[in-house]
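Notes to accompany the following structure.
Nothing fancy with the numbering, it's 1 onward along the sequence.
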Amino acid sequence: MATETARQHEQTPAQAGRPMRADARRNYERLLTEARTAFTQHGTDTSLEDIARRAGVGIGTLYRHFPHRTALMGAVFQGEVDSLVTYAKELADAPQPCRALVDWLRAIISHASTYRGLSRALMAASAAADDSSGMARCCVPMHEAGQALLSRAQQAGAVRADVNIGDLLQLTNGIALAAEESPADPDLADRLLALTLSGLKAER
């Protein structure tokens, strides 16, 4: 337990911005590739030992690059976060601010469906007080991107002023989790998102 707690606060060279040796970089990239495949096929609770083995390295090497599971998850999901942040910027000037916000929330649900367990991990990271974990660092740019869209919709009078982005993202991840647990109902996410939209709208 003490070792794991210490790992929670370690920074890898990649996190600290330090350059990696060529062999370390290759190991890092192989671990990311195998983790991405494993998370897609088996979910985020897949064995880290299996990921290390498939990458051709020992578990110690994995932990040197990713001190804990959430650090590895954060690195894998960074690409998804980057795509969602870019999409939010593309929606920044959309003619219907509320629709832009909902389209972005729908994209979050779609991205979360790629990796079983992602929505649950994002919900936990958003609720955690420690913002140093890999998943928490993914949440920061998501909150900033979502806040811009939400503020614009509120300024347009389309969304209630008391809605905050933290609650909205938690609700969206909850919808993604519900959809993940109900694969036989492919329309569930859209129905729940429609209910969310009705609750967001400002009274006229």
Are any side-chain N or O atoms of Ser113 and backbone N or O atoms of Ser110, one a donor and one an acceptor, separated by less than 3.5 Å?
-> yes
Tell me, please, which residues at least two apart from Thr61 pass side chain to side chain donor-acceptor pair (under 3.5 Å).
-> Arg64
Report the distance from atom CG of Leu62 to atom NE2 of His68, rounding to the nearest 0.5 Å.
-> 11.5 Å
Would you say Leu84 and Val81 make side-chain contact, with heavy atoms under 4.5 Å?
-> no
Test item: Ser182 side-chain N/O and Ala184 main-chain N/O as donor-acceptor pair under 3.5 Å = no
Report yes if the side chains of Val76 and Leu72 come closer than 4.5 Å at any heavy-atom pair, otherwise no.
-> yes
Exercise: identify the closest heavy-atom pair between Thr46 and Arg69 | O-NH1, 2.7 Å
Residues two or more places apart in sequence or in another chain: which of them pass side chain to side chain contact (heavy atoms under 4.5 Å, CB included) with Ala179?
-> Ala189
By side chain to side chain contact (heavy atoms under 4.5 Å, CB included), Gln155 pairs with (sequence neighbours left out) Ser151
If you measure from CG on Asp103 to OH on Tyr87, what distance do you get to the nearest 0.5 Å?
-> 4.5 Å
Which atom names give the shortest non-hydrogen contact between Thr196 and Leu171, and what distance separates them?
-> CG2-CD2, 3.5 Å
Closest non-hydrogen contact found for Thr44 with Leu118 is CG2-N, 4.1 Å
Value rounded to 0.5 Å, distance of CG in Leu169 from SG in Cys139 = 8.0 Å
Kindly check if the number of other-residue, nucleotide or ligand heavy atoms within 6.0 Å of CD (Gln96) is above 12?
-> no
Could you pull out the closest heavy-atom pair between Ile165 and Gly146, with the gap in Å?
-> CD1-C, 3.5 Å
Residues forming a side chain to side chain donor-acceptor pair (under 3.5 Å) with Thr40, sequence neighbours excluded | none
Do His143 and Val140 have side-chain heavy atoms sitting under 4.5 Å apart?
-> no
Please name the pair of heavy atoms, one in Pro95 and one in Pro97, separated by the smallest distance, quoted to 0.1 Å.
-> O-CD, 3.4 Å
Mind checking salt bridge (charged side-chain N to carboxylate O under 4.0 Å, His left out) for Glu181 and listing every partner two or more places apart, or none if nothing turns up?
-> Arg116, Arg120
Counterpart residues, side chain to side chain contact (heavy atoms under 4.5 Å, CB included), relative to Arg30 (two or more places apart) | Arg26, Asn27, Ala55, Val57
Ile51 versus Leu31, closest heavy-atom pair with distance = CG2-O, 4.0 Å
Which pairs pass salt bridge (charged side-chain N to carboxylate O under 4.0 Å, His left out) with one or both residues in residues 77-94, sequence neighbours excluded?
-> none
If only atom types and distance count, is the side chain of Glu180 paired as donor or acceptor with the main-chain N or O of Gly117 below 3.5 Å?
-> yes
Listed by chain and number, what are the side chain to side chain contact (heavy atoms under 4.5 Å, CB included) partners of Ala145, not counting sequence neighbours?
-> Val85, Ala88, Trp104
Side chain proximity check, Phe39 to Thr114, heavy atoms < 4.5 angstrom | no
Would you call Leu168 and Leu200 a side-chain contact if the rule is heavy atoms closer than 4.5 Å?
-> yes
Output every pair passing salt bridge (charged side-chain N to carboxylate O under 4.0 Å, His left out) with a member in residues 183-193, not counting sequence neighbours, ordered by first then second residue.
-> Arg106-Asp190, Asp185-Arg191
Is a side-chain donor or acceptor of Gln154 paired with a backbone partner of Val163 at a separation under 3.5 angstrom?
-> yes
Can you tell me which residue pairs pass the salt bridge (charged side-chain N to carboxylate O under 4.0 Å, His left out) test with a partner in residues 51-62, sequence neighbours excluded?
-> Asp50-Arg53
For Tyr115, check ring pair (Phe, Tyr, Trp, His ring centres under 6.0 Å) against everything at least two apart and list the hits.
-> Phe77
Residue pairs, two or more places apart or on separate chains, that pass side chain to side chain donor-acceptor pair (under 3.5 Å) and touch residues 156-168 = Arg160-Asp162, Asn164-Asp167
To the nearest 0.5 angstrom, please state how far the OG atom of Ser119 sits from the NE2 atom of His111.
-> 14.0 Å
